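Below, chain A is the first sequence line, B the second, and so on; all start at residue 1. Please read all numbers here as calculations on a predicted model, not as lab measurements.
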2 protein chains.
Amino acid sequence: MIAAPADPMTLLQPIHRPSLHDQLVEQLRSYFTEGPLKPGEKVNEQALASAYGVSRTPLREALKVLASEGLLTWTPNRGVRMAEISAEGLAEVFEVLMALESLAGRKAAARMTEAGIAAIADLQARMEAEYEAGDISAYFRTNQAIHEAILQGSGNEALIGTHRSLSGRVRRARFMANMSRTRWQHAIEEHREILAALTARDAEGLGQLLAAHLEGKLRSLQETLPSSRA
Amino acid sequence: MIAAPADPMTLLQPIHRPSLHDQLVEQLRSYFTEGPLKPGEKVNEQALASAYGVSRTPLREALKVLASEGLLTWTPNRGVRMAEISAEGLAEVFEVLMALESLAGRKAAARMTEAGIAAIADLQARMEAEYEAGDISAYFRTNQAIHEAILQGSGNEALIGTHRSLSGRVRRARFMANMSRTRWQHAIEEHREILAALTARDAEGLGQLLAAHLEGKLRSLQETLPSSRA
DNA sequence: ATTCTGTATTTTGAATACAATATGCACGAT
DNA sequence: ATCGTGCATATTGTATTCAAAATACAGAAT
């Protein structure tokens with residue numbers, strides 16, 4: 001079989017060269033939020049560097065960035081640890097996240113495309129199926145995807161970036177916490193209301209629902225976390 | 001004359017060792033916001049490093065942090081430039097700042113100490129004197145101090161950090177913009193209302209006033225900036 | 001046995017060295 | 001003169017080296 005002549009357009013695509021720095025930041029971010037390290041646990045530069053097959057120099061640059069975001073704690077001459085978050089710290093971050101998501105909701109209700117809203121409706125359907133199936137980790141990801149889609153829908157890059165950086169700090173806590181079944185069902189219902197407000201393009205309503213939703217999430221975290229400490 | 005015996009308490013203070021990293025980040029931040037470089041202008045690593053008398057390694061780590069905050073733009077293999085901010089970008093950042101300061105105001109009205117409020121009243125008085133004297137750069141600093149005091153008064157570290165990082169991006173624009181006399185007077189009046197709401201501990205009112213104040217600031221920036229482009 | 005002290009080892013911080021990439025410039029062709 | 005090409009230079013990216021500090025540990029003193 002002979003290959004078809006390549007599409008002339010695709011021959012002139014600018015070639016994509018991801019920088020090592022960006023790759024490291026991205027990979028480390030998910031490693032720290034979803035990896036095995038517990039809050040307060042030591043991070044070894046040397047070991048990480050050789051694991052990624054890079055030298056300490058670019059690794060350190062990436063770690064400094066993540067530390068400045070609050071995901072890691074950098075202590076001079078004592079290296080890097082996974083950030084620990086107290087109950088008060090968690091509440092503080094959530095308070096800011098509420099303000100941010102509320103703003104995002106108001107903007108998104110006003111300027112999202114119908115296609116974008118339809119995409120969220122699809123995610124919602126998938127999430128409900130995952131809830132029925134009891135697949136909590138799939139639910140977790142789809143849930144995140146919905147919130148990110150609303151953020152994106154706000155069209156405000158500064159807002160998106162600020163939210164991502166801040167939510168990174170509590171993502172691990174959200175990841176670790178196990179919801180009660182009642183909280184889970186409640187969250188699903190809140191999401192239905194959120195979708196309804198978005199569909200109706202009720203900006204104020206959506207903003208308030210998102211804030212209330214986070215409030216509920218915080219309460220549920222505060223119930224489960226203090227014991228598990230991870 | 002013989003020196004008095006030192007206070008035994010002061011002999012056991014832990015000694016303060018600021019890390020090079022932190023010093024660099026701090027110094028660079030004010031250099032970039034208040035220094036001579038224009039938006040879009042190239043930053044030379046080598047030159048900066050020798051100016052500060054350090055090697056490129058710690059300097060780069062600091063620059064990466066500032067770039068992740070949005071104060072600088074890092075282009076792979078092409079170095080660092082002062083971030084350029086478009087009119088839309090400015091509006092986006094202000095939108096987020098409004099949400100943040102509004103939250104800060106609501107919290108501060110509820111939990112600031114009387115002494116803290118009195119300190120802000122002092123700042124207000126000083127600022128009005130600077131306004132009368134026409135000393136715009138002193139006014140600028142006192143104005144910043146008031147906003148920072150309210151942020152601090154919120155008692156929410158996550159909020160304070162998020163706000164500082166974000167406001168860094170537009171600080172330069174605010175620094176450069178020259179206000180019209182009418183806008184200046186208007187700003188002073190808004191600040192009087194802000195102080196009044198704080199004194200009355202009117203949380204909702206203070207939140208709204210702070211948002212409105214920023215809105216006004218944004219409008220005035222948008223009028224003066226597009227021409228000066230610096 | 002426990003605590004202290006001194007030393008070896010590990011880890012972090014910063015500078016240097018080297019490699020890769022981009023920029024600036026001179027020269028030649030049109 | 002203008003545009004293009006190739007080379008010299010400068011700048012950035014990463015690795016390596018060296019220095020400083022912290023940690024771990026062994027042995028001595030109580």
Side-chain angles (χ1 to χ4, degrees), chain A residues 12-29 31-32 35-84, chain B residues 12-29 31-32 35-84:
Chain A
L12 286 171
Q13 293 296 321
I15 87 171
H16 186 228
R17 273 189 313 171
S19 81
L20 177 55
H21 174 84
D22 290 347
Q23 290 186 75
L24 275 177
V25 168
E26 197 181 326
Q27 297 224 16
L28 288 170
R29 204 198 304 271
Y31 174 67
F32 290 129
L37 273 56
K38 296 199 221 324
E41 197 170 332
K42 186 77 190 298
V43 174
N44 188 303
E45 278 184 13
Q46 200 81 268
L48 257 191
S50 45
Y52 283 111
V54 300
S55 77
R56 282 174 55 221
T57 311
L59 179 79
R60 279 173 60 93
E61 290 177 353
L63 290 176
K64 291 264 179 182
V65 168
L66 294 177
S68 90
E69 285 182 8
L71 184 59
L72 302 172
T73 307
W74 192 294
T75 317
N77 296 321
R78 280 184 191 166
V80 186
R81 299 184 170 276
M82 287 284 288
E84 298 193 72
Chain B
L12 285 170
Q13 293 296 322
I15 87 171
H16 186 230
R17 274 189 311 174
S19 80
L20 177 55
H21 175 83
D22 290 347
Q23 290 187 76
L24 275 176
V25 168
E26 196 182 327
Q27 296 224 15
L28 287 170
R29 205 197 304 272
Y31 173 68
F32 289 129
L37 274 57
K38 296 198 224 317
E41 198 169 332
K42 185 76 189 298
V43 174
N44 189 302
E45 277 184 16
Q46 200 82 265
L48 257 191
S50 45
Y52 283 109
V54 299
S55 78
R56 282 174 54 223
T57 310
L59 179 78
R60 278 174 61 93
E61 289 176 353
L63 291 176
K64 291 265 179 183
V65 168
L66 294 177
S68 90
E69 286 181 7
L71 184 60
L72 302 172
T73 306
W74 192 294
T75 317
N77 296 321
R78 269 169 206 181
V80 186
R81 298 181 171 279
M82 287 284 288
E84 298 193 72

Enquirer: Can you tell me the distance, in whole Å, between the NZ atom of B/K64 and the P atom of C/dA14?
Expert: 17 Å

Enquirer: Base, sugar-phosphate alone, or nothing: which one does B/K42 contact when heavy atoms must sit under 4.0 Å apart?
Expert: sugar-phosphate

Enquirer: To check you understand the geometry: which heavy-atom pair defines the closest contact between B/A62 and B/L24, and what is its length?
Expert: CB-CB, 3.9 Å

Enquirer: Send over the distance from A/R60 CZ to C/dT12 P, rounded to a whole Å.
Expert: 8 Å

Enquirer: Separation of A/L48 atom CG from C/dT12 atom C1', in whole Å?
Expert: 14 Å

Enquirer: A quick test of your reading: do over 12 heavy atoms of other residues, nucleotides or ligands sit less than 6.0 Å from CD of B/E41?
Expert: yes

Enquirer: Using five pairs at each end of the helix from C/dA1-D/dT30 to C/dT30-D/dA1 to define an axis, what is the angle between those two axes, to 10°?
Expert: 0°

Enquirer: Any chance you could lay out the side chain to side chain contact (heavy atoms under 4.5 Å, CB included) test for A/R56 and A/L48, step after step, and finish with the verdict?
Expert: CA-CA 8 Å; A/R56 282 174 55 221; A/L48 257 191; over 6 Å; no

Enquirer: Under 4.0 Å between a Lys/Arg side-chain N and an Asp/Glu carboxylate O for A/E61 and B/R60?
Expert: yes

Enquirer: For C/dA14, take OP1 and OP2 only and decide whether either is under 4.0 Å from a side-chain N or O of B/T57.
Expert: no

Enquirer: Counting side-chain heavy atoms from C-beta on, which of D/dT12, D/dT14, C/dT12 comes nearest to A/E45?
Expert: C/dT12

Enquirer: Provide, to the nearest angstrom, the distance between the CD atom belonging to B/Q46 and the P atom belonging to C/dT16.
Expert: 11 Å

Enquirer: Rounded to the nearest angstrom, tell me the gap between atom CG in B/N44 and atom P in C/dG24.
Expert: 12 Å

Enquirer: Could you give the CG-to-P distance, from B/L59 to C/dG13, as a whole number of Å?
Expert: 16 Å

Enquirer: Which letters describe nucleotides 17-24 of chain D, given B = protein heavy atom under 4.0 Å from base, S = only from sugar-phosphate, - = neither?
Expert: ----SSS-

